[in-house]
Protein chains: 2
Amino acid sequence: MGDMALTAKGRATRQRIIEGAAAYLRGDDPAGVTLDDIRAITGTSKGQIFHYFPDGKEELFLAVARHEARRVLEDQRPHLGALTSWPAWQRWRDSVVARYRAQGRSCPMGALLSQVGSTPGAAEVVSTLVAQWQFEIAEGIHDMQAAGLVRPAVDAERVAAAFIAGIQGGVQVLRTTGSIEHLEAALDTLIDHLRG
Amino acid sequence: MGDMALTAKGRATRQRIIEGAAAYLRGDDPAGVTLDDIRAITGTSKGQIFHYFPDGKEELFLAVARHEARRVLEDQRPHLGALTSWPAWQRWRDSVVARYRAQGRSCPMGALLSQVGSTPGAAEVVSTLVAQWQFEIAEGIHDMQAAGLVRPAVDAERVAAAFIAGIQGGVQVLRTTGSIEHLEAALDTLIDHLRG
DNA sequence: GATTTTCTGGACCGGTCGGTCCACTGTGGT
DNA sequence: ACCACAGTGGACCGACCGGTCCAGAAAATC
């Protein structure tokens, strides 16, 4: 895949497919998304799809998943990078809640995962995203501990992992029941825990 | 569905289909489970499946989901019903971890949900399960507060919601990456939080 | 400007899978 | 004994969908 010869036009088309697919996945019930949908949305043809993603659906969806994973992180980078005070944590919390409230029931990552299933590629994408996200949260906790705002006894990595789990689960409940209160409860409770 | 006339034999067959499907869903990649798989596993025929579940796949899967939801709760009822001491909480935590560790990457509920998708029926099943589960945890927290073991300032419902989110998310991470540490971290951190 | 390579379009194929249909076999009531 | 209706088996269908193939347009390379 990486050794494919692409002209500027080719790169543009490839990108158009990925972003179009991502946007579509974001807004629609992902369970039944077909290559033909994506073809229609992105104004391309079957030939192009298989030209740029020779391994077909799985390769395309993995590319989209990677794209979305990067989006998730970059979306919160400004907040994630500066978790050095309680108001900063609150702002981060609000941005997460706002993001998923706006996104409604559709979760791009969850979408992709249910499609790609349990292929090794999917596991790798998720692992990378989770690890990165967790790392940044743990960094924030360490910063707070360095500033004397959080007890040193707190295991930063463990609490960061709990954050990840809480967010994932909160989003999942949001997706299937439409209620965002679990996401809020998870974030608030864990921040409370940091406050001690 | 409820007004169908069923003889003893009929009820037995219907149950065999549900339980066989549930067992199969529990052990296999649920993404690609077909009616024909279920037919083969349960030793039945297409005719029977549509005889007992006239609305086809969706009705059958919803029945299985309800069956699994009940199983999840009953599985933990002994622990959930008696969260009145710290050792009891620990035992509950261990049972949850053990259950999902044994189950490995396969999550019956998650399985069903990804199949049934976002139909109203699915939302109802999940809502019911979540509400019930959360209620029992909240009861436990209330008991602890009554016994003076947990600060009265703790919002039992909110923390219970956080538990639900943490468990769901932990299981999801387990499913996609194979690591159980997020589930453990979520449970441990929240119990820690209760301890204050 | 010739040629080689990439890009694009879309007809087509083959397998899969949910769902239908109908003939046949119990089974329980009278 | 009969009959109505539940239960069972499996052939069959039609839609859908991922994937193939090839022919022609457009660029790049020389």
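Since this is a predicted model, take the numbers as computed values, not measurements. All heavy atoms count here, side chains included; hydrogens, waters and symmetry mates do not. Chain letters run A, B, ... following the sequence lines, proteins first, then strands; residues in each count from 1.
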Visitor: Examine D:dA6: is either OP1 or OP2 under 4.0 Å from a nitrogen or oxygen in the side chain of B:Y52? Give yes or no.
Guide: no
Visitor: Give DNA chain C the dot-bracket treatment, 5' to 3': Watson-Crick (N1-N3 with N6-O4 or O6-N4) or G-U (N1-O2, O6-N3) under 3.5 Å, [ ] crossing, | other strand.
Guide: ||||||||||||||||||||||||||||||
Visitor: Do A:T44 side-chain atoms and A:A40 backbone N/O form a donor-acceptor pair below 3.5 Å?
Guide: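 Looks like no, no N/O pair under 3.5 Å.
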Visitor: Below 4.0 angstrom, N of the basic side chain to O of the carboxylate: do A:R195 and A:D192 qualify?
Guide: no
Visitor: In chain order, what residues pass the side chain to side chain donor-acceptor pair (under 3.5 Å) check against A:R91, with sequence neighbours excluded?
Guide: none
Visitor: Are B:T177 and B:S179 close enough that a side-chain donor and a side-chain acceptor fall under 3.5 Å?
Guide: no
Visitor: Rounded to whole Å, please give me the gap between CZ in B:F50 and P in C:dC22.
Guide: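 Rounded to whole Å, this separation is 16 Å.
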Visitor: From the set C:dT8, C:dC17, C:dG19, return the single nucleotide nearest to any side-chain atom of B:L35.
Guide: C:dG19
Visitor: Compare the minimum distances between each of C:dG18, C:dC7, D:dG19 and the side chain of B:K46, then state the nucleotide with the smallest one.
Guide: C:dG18
Visitor: Just N and O in the side chain of A:T34: are any of them under 4.0 Å from OP1 or OP2 of D:dC16?
Guide: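 No, no such contact exists.
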Visitor: With respect to the phosphate group of C:dC7, does any side-chain polar atom (N or O) of A:T13 fall under 4.0 Å of OP1 or OP2?
Guide: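 No.
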Visitor: For A:F53 and C:dC7, give me the distance from atom CZ to atom P, rounded to whole Å.
Guide: 12 Å
Visitor: Whole Å only: how far is the NZ atom of B:K9 from the P atom of C:dG28?
Guide: 9 Å
Visitor: Checking B:R101 side chain against B:I180 main chain: does a donor-acceptor pair fall under 3.5 Å?
Guide: no
Visitor: Let's see if you can work this out: which of C:dG18, D:dG9, D:dA6 has an atom nearest to the side-chain heavy atoms of B:A5?
Guide: D:dA6
Visitor: Determine, step by step, whether A:R66 and A:E124 satisfy the salt bridge (charged side-chain N to carboxylate O under 4.0 Å, His left out) criterion, reporting the C-alpha distance in whole Å, the side-chain angles of both residues, the deciding distance to 0.1 Å, and the verdict.
Guide: CA-CA 10 Å; A:R66 271 189 275 270; A:E124 173 249 317; 3.6 Å; yes
Visitor: Measure the distance from CG on A:D36 to C1' on D:dA15 and round it to the nearest whole Å.
Guide: 13 Å
Visitor: Calculate the interatomic distance between B:E58 atom CD and C:dG18 atom P; express it in whole Å.
Guide: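 Rounded to the whole Å, the gap is 13 Å.
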Visitor: Under 4.0 Å from OP1 or OP2 of C:dG9: is there any side-chain N or O of A:T44 that close?
Guide: no
Visitor: Quickly work out the A:Q48 CD to C:dA11 C1' distance and round it to whole Å.
Guide: 16 Å
Visitor: Scan side-chain atoms only and decide if B:H182 and A:Q134 contain a donor-acceptor pair under the 3.5 Å cut-off.
Guide: yes
Visitor: Determine the contact category for B:G47: base if any of its heavy atoms lies under 4.0 Å from a base atom, sugar-phosphate if only primed atoms, P, OP1 or OP2 are that close, otherwise nothing.
Guide: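 Base contact.
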